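Model, not experiment: these values are computed from the prediction.
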Amino acid sequence: MIELESVRKRYPAPQGSGWFDAVHPTSLRIAQGEIFGLIGQSGAGKSTLLRLINLLERPDAGQVRIDGQDLMQLDARSLRQMRQKIGMVFQQFNLMANRTVAGNVAFPLEIAGWSAERIRARVDECLEIVGLTERARHYPAQLSGGQKQRVGIARALAPHPSVILADEPTSALDPQTTQSVLDCLKDINQRFGVTIVIVTHEMQVVRALCQRAAVLSAGRIVDVVEVQGSDITTHHAQTRALLEEA
Ligand SMILES: Nc1ncnc2c1ncn2[C@@H]1O[C@H](COP(=O)(O)OP(=O)(O)O)[C@@H](O)[C@H]1O
Ligand SMILES: [Mg+2]
């Protein structure tokens with residue numbers, strides 16, 4: 001249901017003139033309901049590839065289709081509507097400090113023009129799902145890192161997305177808190193069938209959460225692995241190196 005067809009993204013080269021491919025022409029299919037990982041070292045192109053999925057970065061070539069819809073063909077208004085179906089979770093949480101937990105979760109629904117009554121009900125529901133009902137009136141500064149990220153997840157979930165894109169959602173967290181956030185994402189995938197695409201540099205995250213993962217290196221997918229139980233079999237040297245690191 002997420003189909004990337006030869007997508008390419010170039011940026012100006014850091015030194016001197018010309019351009020380089022942050023993402024070389026890449027094709028990838030991710031099934032409805034799947035938890036899919038993008039793993040690789042810093043600078044490999046993971047975030048760029050993730051952001052191509054909702055056109056936060058527009059590809060220089062290729063196609064992005066979600067449920068058969070070619071996103072590049074949508075006008076600004078239809079693209080905004082399509083993006084309601086794609087939630088996003090960030091490494092640094094990106095919460096609004098001057099809004100309460102409930103206010104943060106309400107934000108995308110306000111933007112989408114929901115009635116106050118529907119917003120209240122949905123915010124309660126989402127805070128219940130991530131286990132933060134008691135924190136509704138608190139401000140982000142009063143929360144732990146793991147709690148902040150669960151607010152981020154509740155906010156992403158609020159508009160009933162079919163996909164959640166998560167960019168290193170646990171990289172700012174300690175190992176124990178990481179597990180609670182991964183459990184939260186897994187729970188949302190299982191209960192609501194939300195497709196999750198998660199960027200990480202940690203093989204442990206892939207093992208704990210994903211069904212499949214693409215290994216990126218220098219802007220290319222060099223391997224796609226399946227996770228069986230928590231085992232990953234590969235013949236690719238780059239993937240083996242990441243597995244040994246973990
Ligand atoms: N907006 C940008 N402008 C120029 N170069 C960028 C931009 N975003 C990313 N890059 C470069 O593209 C490459 C891939 O970046 P990124 O996708 O962020 O990698 P990752 O998430 O795997 O660390 C890096 O070399 C990075 O410096
Ligand atoms: Mg990144």
Side-chain angles (χ1 to χ4, degrees), residues 2-30 36-66 70-74 76 79 82-83 86-95 97 145 148-149 152 156 163-174 178 196-207 209-210 212-225 232 234-246:
I2 298 174
E3 296 169 288
L4 303 180
E5 208 71 58
S6 304
V7 288
R8 178 187 194 192
K9 185 67 190 181
R10 301 191 309 167
Y11 293 122
Q15 308 109 339
S17 58
W19 300 74
F20 79 102
D21 282 22
V23 174
H24 289 272
T26 295
S27 299
L28 181 63
R29 269 157 211 232
I30 298 171
F36 193 92
L38 299 174
I39 184 165
Q41 286 170 348
S42 177
K46 306 180 297 294
S47 296
T48 304
L49 188 59
L50 189 78
R51 292 158 62 87
L52 286 168
I53 294 174
N54 62 357
L55 295 198
L56 276 183
E57 302 284 355
R58 284 190 90 84
D60 298 305
Q63 288 188 321
V64 179
R65 286 192 298 274
I66 294 189
D70 182 349
L71 298 202
M72 302 274 276
Q73 302 303 321
L74 299 178
L79 184 59
M82 176 53 92
R83 284 213 182 107
I86 312 175
M88 201 147 187
V89 176
F90 306 91
Q91 177 174 358
Q92 296 302 335
F93 323 123
N94 294 13
L95 301 180
K148 284 180 198 169
Q149 193 56 294
V163 178
I164 289 180
L165 306 178
D167 196 347
E168 308 252 13
T170 62
S171 297
L173 306 176
D174 60 54
T178 289
I196 296 176
V197 187
I198 178 172
V199 164
T200 180
H201 61 273
E202 292 175 292
M203 205 42 108
Q204 289 308 339
V205 169
V206 171
R207 278 188 207 283
L209 189 65
C210 299
R212 290 194 303 149
V215 180
L216 271 85
S217 176
R220 288 191 166 88
I221 293 179
V222 295
D223 197 8
V224 177
V225 295
I232 296 169
T234 181
H235 298 294
H236 200 282
Q238 202 112 24
T239 314
R240 270 210 302 275
L242 285 167
L243 283 167
E244 277 156 22
E245 233 171 66

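For the pairing with F36, the side chain to side chain contact (heavy atoms under 4.5 Å, CB included) check across I198, I2, I30 returns one residue only, I30. H236 pairs with exactly one of D223, L242, V215 by the side chain to side chain contact (heavy atoms under 4.5 Å, CB included) rule, that one being D223. Results of the side chain to side chain contact (heavy atoms under 4.5 Å, CB included) test with V205 over E202, H201, R207 single out E202 as the only residue that passes.
L52 is listed as a side-chain neighbour of E57, based on a closest heavy-atom distance under 4.5 Å. Here the side chains of L56 and M88 are in contact, with some heavy-atom distance below 4.5 Å. Looking only at side-chain heavy atoms (C-beta outward), R8 and P59 stay at 4.5 Å or farther from each other. Residues E168 and K46 form a side-chain contact, since some pair of their non-hydrogen atoms from C-beta on lies under 4.5 Å apart. Using a 4.5 Å heavy-atom cutoff, the side chains of I66 and I53 are in contact.
Here the shortest heavy-atom pairing between D167 and S47 reads OD2-OG, 2.7 Å. Between V222 and S217 the shortest heavy-atom distance is CG1-CB, 4.0 Å. Of all heavy-atom pairs spanning T234 and T239, the tightest one is OG1-CB, 3.6 Å. The minimum heavy-atom distance linking S27 with S6 is given by the pair OG-N, 2.9 Å. For the residue pair L216 and A44, the shortest heavy atom distance occurs at O-CB, 3.6 Å. Across all non-hydrogen atoms, the minimal contact from A218 to H24 is O-CD2, 3.4 Å.
Taking OH of Y11 as the start and OG1 of T48 as the end, the distance is 3.5 Å to the nearest 0.5 Å. Distance CG/L243 to CD/Q238: 11.5 Å, rounded to 0.5 Å. From T178, atom OG1 reaches atom CG of L209 across 11.5 Å, with rounding to the nearest 0.5 Å.
For R29, the side chain to side chain contact (heavy atoms under 4.5 Å, CB included) partners at least two apart in sequence or on another chain are E3, E5, R65.
Legend: salt bridge (charged side-chain N to carboxylate O under 4.0 Å, His left out) pairs involving residues 235-246, not counting sequence neighbours: none detected.
With a 6.0 Å radius and a threshold of 12 heavy atoms from other residues, nucleotides or ligands, R220 has its CZ atom at or below the threshold.
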